[in-house]
Amino acid sequence: MSSRKRYWLMKSEPDAFSIDDLQKVGVEPWNGVRNYQARNHMRQMQVGDGVLFYHSSCAIPAIVGIAKVASVAYPDPTQFDPKSDYFDAKSTHEEPRWSLVDVAFERKLKRAIPLEEIKQHADALGEGFALTQRGSRLSVSPVSAAQWKLLLSLE
DNA sequence: GCCAACGTTGGC
DNA sequence: GCCAACGTTGGC
């Protein structure tokens with residue numbers, strides 16, 4: 001039994017990993033998330049959930065594409081790798097602290113939807129939307145069906 | 001490069 | 001358990 005499809009927003013710095021990179025590899029394990037809230041969101045994900053792919057920390061921050069959740073959450077292997085930037089000495093195989101999901105490319109938007117434009121719809125998006133919430137730095141956050149629909153209508 | 005917002009750490 | 005210090009995020 002799987003529950004209804006949900007929607008998410010995932011941020012990435014295009015210098016590190018862009019929508020074009022995702023298109024090239026097809027599927028990417030979303031490793032390196034070291035924030036409990038973001039981790040908890042990934043643990044709620046179901047295969048097939050929709051993902052808005054957002055470029056942050058760049059010239060024009062924008063939603064640039066759509067991806068799909070391609071796996072349920074599983075332990076992020078980088079937490080066990082002492083050579084990784086994401087190594088966490090306090091995490092154990094018995095009780096892994098950090099999780100990830102696989103993310104699959106679906107398509108790029110016909111045009112990127114810049115943050116500047118998204119902000120103009122802050123009222124319609126409502127209070128629960130990460131990008132229009134003051135000071136929100138969460139890299140993985142939920143998106144309602146209504147927000148998803150509104151944002152894609154701007155495309 | 002600046003700075004506001006926020007999470008985490010660690011001393012007490 | 002409080003809270004100051006510090007680090008990180010991310011828009012501008």
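By convention in this document, chain letters (A, B, ...) are assigned in the order of the sequence lines, proteins followed by strands, and residues within each chain are numbered from 1. Only a predicted model underlies this, so the values are computations on that prediction, with no experimental measurement involved.
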### Gap between atoms CG and P, on L138(A) and dT8(C) respectively (whole Å)
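The answer, rounded to whole Å, is 17 Å.
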### Task
Mind calculating the distance between CG (L9(A)) and P (dG10(C)) to the nearest angstrom?
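Value for this atom pair: 10 Å.
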### Message
Considering only residues two or more places apart or on different chains, which pairs with a residue in residues 120-146 of chain A satisfy salt bridge (Lys or Arg N to Asp or Glu O under 4.0 Å)?
### Response
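Residue pairs passing salt bridge (Lys or Arg N to Asp or Glu O under 4.0 Å), neighbours aside: none found.
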### Query
Does K11(A) make a side-chain N or O approach to OP1 or OP2 of dG10(C) shorter than 4.0 Å?
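Yes.
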### Task
Whole angstrom is fine here: how far is it from CD in Q133(A) over to P in dG11(C)?
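Rounding to the nearest Å, CD of Q133(A) and P of dG11(C) are 14 Å apart.
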### Query
In residues 111-119 of chain A, which residues come under 4.0 Å of DNA chain C by heavy atom?
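Heavy-atom cutoff 4.0 Å gives L115(A), K119(A).
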### Query
How long is the line joining CG of N35(A) and C1' of dC6(B), in whole Å?
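It is 10 Å, rounded to the nearest whole Å.
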### Any Y54(A) side-chain N or O less than 4.0 Å from OP1/OP2 of dG11(C)
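Answer is yes, contact under 4.0 Å.
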### Residue that, paired with N31(A), satisfies side-chain contact (heavy atoms from CB on, under 4.5 Å) out of D81(A), L100(A), D85(A)
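The residue from D81(A), L100(A), D85(A) that satisfies side-chain contact (heavy atoms from CB on, under 4.5 Å) with N31(A) turns out to be L100(A).
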#### Entry: Closest to the Y36(A) side chain, choosing from dT8(B), dG11(C), dG10(C)
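Of dT8(B), dG11(C), dG10(C), dT8(B) is nearest to the side chain of Y36(A).
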### Task
Rounded off to whole Å, could you give me the CD1-to-C1' distance for the I60(A) and dC12(C) pair?
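These atoms are roughly 13 Å apart.
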### Query
Say you draw a straight line from OG of S139(A) to CD of Q37(A); how long is it, rounded to the nearest 0.5 Å?
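Reported to 0.5 Å precision, the distance equals 10.0 Å.
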### Task
May I have all residue pairs that pass salt bridge (Lys or Arg N to Asp or Glu O under 4.0 Å) and include part of residues 28-47 of chain A, sequence neighbours excluded?
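Of all non-adjacent pairs touching residues 28-47 of chain A, those that pass salt bridge (Lys or Arg N to Asp or Glu O under 4.0 Å) are R34(A)-D76(A).
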### Query
Of all heavy-atom pairs between K110(A) and R107(A), which one has the smallest distance, and what is that distance?
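Taking every non-hydrogen atom into account, N-NH1, 4.3 Å.
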### Query
Using 30° and 60° as the class limits, which term best fits the ring planes of F53(A) and F17(A): parallel, tilted or perpendicular?
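It falls in the tilted class, 30° to 60°.
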### Message
Rounding to an integer number of Å, can you tell me how far H55(A) NE2 sits from dC12(C) C1'?
### Response
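Interatomic distance, NE2 of H55(A) to C1' of dC12(C): 19 Å.
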### Query
Taking CG from D88(A) and C1' from dT8(B), how many angstroms apart are they, rounded to a whole number?
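Those two atoms, CG and C1', are 12 Å apart.
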### Query
Is I66(A) close to L109(A) at the side-chain level, that is, under 4.5 Å between some pair of heavy atoms?
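Of all side-chain heavy-atom pairs linking I66(A) with L109(A), at least one is under 4.5 Å.
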### Query
Nearest-Å distance, CZ (R134(A)) to C1' (dG7(B))?
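For the pair R134(A) CZ and dG7(B) C1', the rounded distance is 16 Å.
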